[in-house]
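First comes the structure, then the notes that go with it.
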Protein chains: 2
Amino acid sequence: MYKKDFYNMHADICKTISNPNRQAILDNLRDTEMSVTELIKKTGISQANLSQHLSILRSKGVVNTRRDGNNIFYSISNPKILQAYDLLSEVMQELFQNKQRTVNDAIVGNK
Amino acid sequence: MYKKDFYNMHADICKTISNPNRQAILDNLRDTEMSVTELIKKTGISQANLSQHLSILRSKGVVNTRRDGNNIFYSISNPKILQAYDLLSEVMQELFQNKQRTVNDAIVGNK
DNA sequence: TTAATATATTATAATATTGTTATATTAAAT
DNA sequence: ATTTAATATAACAATATTATAATATATTAA
(Lines give C-alpha, C1' and ligand atoms only; values in the text may rest on other atoms or scores of the structure.)
Protein backbone atom coordinates (compact mmCIF):
# COMPACT_ATOMS: atom_id res chain seq x y z
CA MET A 1 0.00 0.00 0.00
CA TYR A 2 1.30 3.43 -0.89
CA LYS A 3 1.85 6.03 1.77
CA LYS A 4 -0.80 8.31 0.34
CA ASP A 5 -3.40 5.57 0.62
CA PHE A 6 -2.30 4.90 4.15
CA TYR A 7 -2.61 8.54 5.11
CA ASN A 8 -6.00 8.75 3.44
CA MET A 9 -7.33 5.72 5.28
CA HIS A 10 -5.83 6.86 8.53
CA ALA A 11 -7.33 10.32 8.20
CA ASP A 12 -10.62 8.73 7.27
CA ILE A 13 -10.91 6.61 10.39
CA CYS A 14 -9.67 9.52 12.44
CA LYS A 15 -12.25 11.82 10.90
CA THR A 16 -14.93 9.30 11.75
CA ILE A 17 -14.44 9.93 15.44
CA SER A 18 -13.68 13.66 15.05
CA ASN A 19 -17.13 14.95 15.79
CA PRO A 20 -18.51 15.97 19.18
CA ASN A 21 -21.76 14.06 18.72
CA ARG A 22 -19.99 10.93 17.63
CA GLN A 23 -17.63 11.30 20.58
CA ALA A 24 -20.66 11.45 22.85
CA ILE A 25 -22.06 8.34 21.24
CA LEU A 26 -18.82 6.41 21.66
CA ASP A 27 -18.48 7.58 25.23
CA ASN A 28 -21.97 6.29 26.01
CA LEU A 29 -21.23 2.97 24.36
CA ARG A 30 -18.03 2.72 26.37
CA ASP A 31 -19.00 -0.33 28.38
CA THR A 32 -22.44 -1.27 27.20
CA GLU A 33 -24.47 -1.61 24.08
CA MET A 34 -27.37 0.79 23.77
CA SER A 35 -30.49 1.18 21.68
CA VAL A 36 -31.08 4.28 19.60
CA THR A 37 -33.84 5.43 21.92
CA GLU A 38 -31.54 5.14 24.91
CA LEU A 39 -28.86 7.07 23.07
CA ILE A 40 -31.31 9.82 22.25
CA LYS A 41 -32.09 10.18 25.94
CA LYS A 42 -28.47 10.02 27.06
CA THR A 43 -26.99 12.34 24.46
CA GLY A 44 -29.85 14.72 23.74
CA ILE A 45 -29.10 14.49 20.03
CA SER A 46 -32.16 14.60 17.78
CA GLN A 47 -33.41 11.31 16.42
CA ALA A 48 -32.61 12.01 12.79
CA ASN A 49 -29.20 13.42 13.49
CA LEU A 50 -28.29 10.60 15.84
CA SER A 51 -29.34 8.08 13.25
CA GLN A 52 -27.12 9.77 10.68
CA HIS A 53 -24.14 9.73 13.00
CA LEU A 54 -24.75 6.09 13.87
CA SER A 55 -24.92 5.35 10.18
CA ILE A 56 -21.51 6.94 9.66
CA LEU A 57 -19.97 5.04 12.57
CA ARG A 58 -21.50 1.83 11.28
CA SER A 59 -20.39 2.30 7.69
CA LYS A 60 -16.81 2.76 8.88
CA GLY A 61 -16.99 -0.34 11.03
CA VAL A 62 -16.59 1.54 14.28
CA VAL A 63 -19.82 0.18 15.73
CA ASN A 64 -21.83 -3.01 15.30
CA THR A 65 -25.57 -3.43 15.43
CA ARG A 66 -27.94 -6.05 16.70
CA ARG A 67 -31.67 -6.01 16.30
CA ASP A 68 -33.85 -7.15 19.19
CA GLY A 69 -37.48 -6.86 18.28
CA ASN A 70 -38.26 -3.24 17.72
CA ASN A 71 -34.94 -1.95 18.99
CA ILE A 72 -31.53 -1.82 17.40
CA PHE A 73 -28.61 -2.00 19.75
CA TYR A 74 -25.31 -0.37 18.90
CA SER A 75 -21.96 -1.33 20.35
CA ILE A 76 -18.32 -0.48 19.78
CA SER A 77 -16.70 -2.99 17.44
CA ASN A 78 -13.13 -2.87 18.68
CA PRO A 79 -11.80 -1.97 22.13
CA LYS A 80 -8.80 -0.23 20.56
CA ILE A 81 -11.14 2.48 19.38
CA LEU A 82 -11.73 3.42 22.99
CA GLN A 83 -8.03 3.15 23.76
CA ALA A 84 -7.33 5.63 20.99
CA TYR A 85 -10.17 7.82 22.21
CA ASP A 86 -8.75 7.84 25.73
CA LEU A 87 -5.21 8.48 24.58
CA LEU A 88 -6.44 11.47 22.64
CA SER A 89 -8.17 12.63 25.81
CA GLU A 90 -4.81 12.61 27.55
CA VAL A 91 -3.17 14.46 24.69
CA MET A 92 -5.95 17.00 24.79
CA GLN A 93 -5.57 17.55 28.51
CA GLU A 94 -1.81 17.89 28.31
CA LEU A 95 -2.03 20.34 25.44
CA PHE A 96 -4.60 22.29 27.40
CA GLN A 97 -2.38 22.40 30.49
CA ASN A 98 0.53 23.66 28.40
CA LYS A 99 -1.64 26.40 27.01
CA GLN A 100 -2.78 27.36 30.50
CA ARG A 101 0.84 27.45 31.66
CA THR A 102 1.82 29.66 28.73
CA VAL A 103 -0.95 32.10 29.52
CA ASN A 104 0.03 32.11 33.17
CA ASP A 105 3.68 32.72 32.33
CA ALA A 106 2.66 35.61 30.14
CA ILE A 107 0.61 37.17 32.90
CA VAL A 108 3.11 36.66 35.69
CA GLY A 109 5.96 37.59 33.41
CA ASN A 110 8.34 34.78 34.31
CA LYS A 111 9.64 32.22 31.92
CA MET B 1 -15.94 21.17 32.57
CA TYR B 2 -19.20 20.12 30.97
CA LYS B 3 -19.36 17.05 28.82
CA LYS B 4 -20.26 19.04 25.73
CA ASP B 5 -17.13 21.14 26.13
CA PHE B 6 -15.10 18.01 26.59
CA TYR B 7 -16.48 16.43 23.44
CA ASN B 8 -15.90 19.64 21.52
CA MET B 9 -12.29 19.89 22.61
CA HIS B 10 -11.71 16.23 22.01
CA ALA B 11 -13.20 16.38 18.55
CA ASP B 12 -11.15 19.47 17.88
CA ILE B 13 -7.81 17.88 18.66
CA CYS B 14 -8.89 14.78 16.81
CA LYS B 15 -9.88 16.82 13.79
CA THR B 16 -6.49 18.47 13.86
CA ILE B 17 -4.82 15.21 12.93
CA SER B 18 -7.65 14.01 10.66
CA ASN B 19 -6.19 15.12 7.39
CA PRO B 20 -3.97 13.09 5.07
CA ASN B 21 -1.47 15.89 4.58
CA ARG B 22 -1.19 16.56 8.27
CA GLN B 23 -0.78 12.83 8.85
CA ALA B 24 2.10 12.87 6.39
CA ILE B 25 3.65 15.80 8.20
CA LEU B 26 3.39 14.11 11.60
CA ASP B 27 4.76 10.88 10.19
CA ASN B 28 7.78 12.73 8.83
CA LEU B 29 8.36 14.48 12.13
CA ARG B 30 8.12 11.15 13.91
CA ASP B 31 11.67 11.06 15.19
CA THR B 32 13.24 14.27 14.00
CA GLU B 33 12.55 17.92 13.63
CA MET B 34 12.40 19.18 10.06
CA SER B 35 12.45 22.49 8.24
CA VAL B 36 9.61 23.53 5.97
CA THR B 37 11.79 23.09 2.90
CA GLU B 38 12.67 19.55 3.95
CA LEU B 39 9.01 18.81 4.55
CA ILE B 40 8.12 20.11 1.12
CA LYS B 41 10.61 17.68 -0.40
CA LYS B 42 9.55 14.75 1.74
CA THR B 43 5.81 15.16 1.44
CA GLY B 44 5.40 16.72 -1.98
CA ILE B 45 2.84 19.15 -0.57
CA SER B 46 2.91 22.62 -2.11
CA GLN B 47 4.64 25.33 -0.12
CA ALA B 48 1.55 27.39 0.59
CA ASN B 49 -0.57 24.43 1.51
CA LEU B 50 2.10 22.93 3.72
CA SER B 51 2.49 26.23 5.50
CA GLN B 52 -1.23 26.33 6.14
CA HIS B 53 -1.26 22.83 7.56
CA LEU B 54 1.74 23.60 9.74
CA SER B 55 -0.05 26.68 10.95
CA ILE B 56 -3.04 24.59 11.97
CA LEU B 57 -0.88 22.03 13.77
CA ARG B 58 0.99 24.84 15.51
CA SER B 59 -2.10 26.73 16.58
CA LYS B 60 -3.46 23.59 18.20
CA GLY B 61 -0.19 22.96 20.01
CA VAL B 62 0.53 19.73 18.17
CA VAL B 63 3.89 20.94 16.88
CA ASN B 64 6.53 23.36 18.12
CA THR B 65 8.77 25.60 16.06
CA ARG B 66 12.33 26.79 16.31
CA ARG B 67 13.94 29.29 13.98
CA ASP B 68 17.51 28.74 12.90
CA GLY B 69 18.61 31.50 10.57
CA ASN B 70 16.49 31.35 7.51
CA ASN B 71 14.88 28.06 8.38
CA ILE B 72 12.07 27.18 10.73
CA PHE B 73 12.15 23.74 12.21
CA TYR B 74 9.00 21.96 13.21
CA SER B 75 8.77 19.16 15.75
CA ILE B 76 6.04 17.20 17.49
CA SER B 77 5.22 18.71 20.87
CA ASN B 78 4.11 15.63 22.75
CA PRO B 79 5.04 11.98 22.19
CA LYS B 80 1.51 10.90 23.08
CA ILE B 81 0.36 12.40 19.81
CA LEU B 82 2.36 9.76 18.00
CA GLN B 83 1.10 7.06 20.35
CA ALA B 84 -2.45 8.05 19.48
CA TYR B 85 -1.52 8.19 15.81
CA ASP B 86 -0.08 4.68 15.96
CA LEU B 87 -2.98 3.27 17.91
CA LEU B 88 -5.33 4.63 15.28
CA SER B 89 -3.15 2.92 12.67
CA GLU B 90 -3.78 -0.37 14.43
CA VAL B 91 -7.50 0.30 14.63
CA MET B 92 -7.51 1.13 10.96
CA GLN B 93 -5.71 -2.05 10.02
CA GLU B 94 -7.97 -4.23 12.15
CA LEU B 95 -11.09 -2.62 10.74
CA PHE B 96 -9.70 -3.13 7.27
CA GLN B 97 -8.97 -6.80 7.94
CA ASN B 98 -12.51 -7.30 9.22
CA LYS B 99 -13.89 -5.73 6.10
CA GLN B 100 -11.70 -7.98 3.94
CA ARG B 101 -12.87 -11.00 5.86
CA THR B 102 -16.50 -10.01 5.43
CA VAL B 103 -16.05 -9.65 1.70
CA ASN B 104 -14.28 -12.98 1.56
CA ASP B 105 -17.02 -14.70 3.55
CA ALA B 106 -19.59 -13.26 1.19
CA ILE B 107 -17.74 -14.59 -1.84
CA VAL B 108 -17.00 -18.02 -0.43
CA GLY B 109 -20.40 -18.24 1.14
CA ASN B 110 -19.38 -19.52 4.56
CA LYS B 111 -19.97 -17.76 7.80
C1' DT C 1 20.82 48.61 0.12
C1' DT C 2 19.41 45.17 -2.92
C1' DA C 3 18.77 40.42 -4.18
C1' DA C 4 17.78 35.79 -2.94
C1' DT C 5 15.84 32.29 -0.07
C1' DA C 6 12.55 30.52 3.27
C1' DT C 7 8.24 30.87 5.14
C1' DA C 8 3.61 32.96 6.02
C1' DT C 9 -0.74 35.12 4.72
C1' DT C 10 -4.79 36.29 2.03
C1' DA C 11 -8.45 35.56 -1.20
C1' DT C 12 -11.12 32.36 -3.46
C1' DA C 13 -13.46 28.49 -5.56
C1' DA C 14 -14.52 23.64 -4.91
C1' DT C 15 -15.94 20.25 -1.95
C1' DA C 16 -17.32 18.14 2.50
C1' DT C 17 -19.65 18.16 6.90
C1' DT C 18 -23.36 19.30 9.77
C1' DG C 19 -28.13 19.79 11.64
C1' DT C 20 -33.01 20.30 10.56
C1' DT C 21 -37.33 19.09 8.57
C1' DA C 22 -40.08 16.00 6.36
C1' DT C 23 -40.90 11.40 4.94
C1' DA C 24 -40.11 6.42 4.64
C1' DT C 25 -39.33 1.82 6.46
C1' DT C 26 -39.67 -1.94 9.66
C1' DA C 27 -41.42 -4.83 13.24
C1' DA C 28 -44.64 -5.43 16.95
C1' DA C 29 -49.18 -4.81 19.07
C1' DT C 30 -53.99 -4.28 18.68
C1' DA D 1 -55.27 -5.06 8.43
C1' DT D 2 -54.35 -0.86 11.04
C1' DT D 3 -51.94 1.48 14.19
C1' DT D 4 -47.98 2.48 16.85
C1' DA D 5 -43.16 2.71 18.16
C1' DA D 6 -38.39 2.59 16.67
C1' DT D 7 -35.24 3.65 13.35
C1' DA D 8 -33.56 5.18 8.74
C1' DT D 9 -33.34 8.07 4.65
C1' DA D 10 -33.64 12.21 1.63
C1' DA D 11 -33.52 17.01 0.63
C1' DC D 12 -31.67 21.07 1.87
C1' DA D 13 -29.37 25.27 3.77
C1' DA D 14 -25.57 26.73 6.65
C1' DT D 15 -20.99 26.26 7.73
C1' DA D 16 -16.27 24.29 7.54
C1' DT D 17 -12.35 22.36 5.17
C1' DT D 18 -9.33 22.10 1.45
C1' DA D 19 -6.03 23.32 -2.34
C1' DT D 20 -4.42 26.82 -5.47
C1' DA D 21 -2.77 31.24 -6.90
C1' DA D 22 -1.02 35.49 -5.71
C1' DT D 23 1.24 38.34 -2.51
C1' DA D 24 3.66 39.56 1.73
C1' DT D 25 7.19 39.12 5.33
C1' DA D 26 11.56 37.97 7.35
C1' DT D 27 16.32 36.66 7.36
C1' DT D 28 20.68 36.10 5.21
C1' DA D 29 24.02 37.05 1.45
C1' DA D 30 26.04 39.95 -1.87
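On a predicted model such as this, the values are computed, not experimentally measured, just so you know. Proteins come first, then strands; the chains are lettered A, B, ... in the order of their sequence lines, and each starts at number 1.
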Can you measure [X] atom [atom1] to [N] atom [atom2] for me and round it to whole angstrom units?
X: B:Asn49; N: C:dT15; atom1: CG; atom2: P; result: 16 Å
X: A:Ile56; N: C:dT18; atom1: CD1; atom2: P; result: 6 Å
X: B:Lys41; N: C:dT5; atom1: NZ; atom2: P; result: 13 Å
X: B:Gln52; N: D:dA16; atom1: CD; atom2: C1'; result: 14 Å
X: B:Lys15; N: D:dT17; atom1: NZ; atom2: P; result: 5 Å
X: A:Leu54; N: C:dG19; atom1: CG; atom2: C1'; result: 15 Å
X: B:Ile45; N: C:dA6; atom1: CD1; atom2: P; result: 18 Å

Against B:Asn21, only a single residue in B:Leu54, B:Leu50, B:Ile56, B:Ile45 fulfils side chain to side chain contact (heavy atoms under 4.5 Å, CB included); can you say which?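 Per the side chain to side chain contact (heavy atoms under 4.5 Å, CB included) rule, the option paired with B:Asn21 is B:Ile45, out of B:Leu54, B:Leu50, B:Ile56, B:Ile45.
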Assess whether a salt bridge exists between B:Asp86 and B:Arg30, defined as any Lys/Arg side-chain N lying under 4.0 Å from an Asp/Glu carboxylate O. yes
Less than 4.0 Å between a side-chain N and a carboxylate O, is that true for B:Lys15 and B:Asp12?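 No, this pair does not count.
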Working for side chain to side chain contact (heavy atoms under 4.5 Å, CB included), residues B:Thr16 and B:Leu57: CA-CA 7 Å; B:Thr16 304; B:Leu57 290 170; 3.9 Å; yes
Measure from the side-chain heavy atoms of A:Ala48 and tell me the nearest of C:dT7, D:dA21, D:dT9. D:dT9
Has the side chain of B:Asn70 got a donor or acceptor that lies under 3.5 Å from a partner of the other kind on the base of D:dT27?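 When only heavy-atom distances are counted, B:Asn70 does reach the base of D:dT27 through a donor-acceptor pair under 3.5 Å.
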Below 3.5 Å, does any donor atom in the side chain of B:Gln47 face an acceptor in the base of C:dA8, or the other way round? yes
In terms of the nearest nucleotide of DNA chain C, which residue is placed more toward the 5' end: A:Gly69 or A:Pro20? A:Pro20
With respect to the phosphate group of [N], does any side-chain polar atom (N or O) of [X] fall under 4.0 Å of OP1 or OP2?
X: B:Asn19; N: D:dT18; result: yes
X: B:Asn21; N: D:dA19; result: yes
X: B:Asn71; N: C:dT7; result: yes
X: A:Arg22; N: C:dT18; result: yes
X: A:Arg67; N: D:dA6; result: no
X: A:His53; N: C:dT17; result: no
X: B:Tyr74; N: C:dA8; result: yes

Counting Watson-Crick and G-U wobble pairs only, both distances under 3.5 Å, name the nucleotide matched with D:dA29, or none.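 Checking every strand shown, D:dA29 finds its partner in C:dT2, with both distances under 3.5 Å.
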Linked, directly or transitively: B:Phe6 and A:Leu87 (ILVMFWY side chains, under 4.5 Å):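 Different clusters.
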Judged by each residue's nearest nucleotide on DNA chain D, which is more toward the 5′ side, A:Ser51 or B:Asp12? A:Ser51
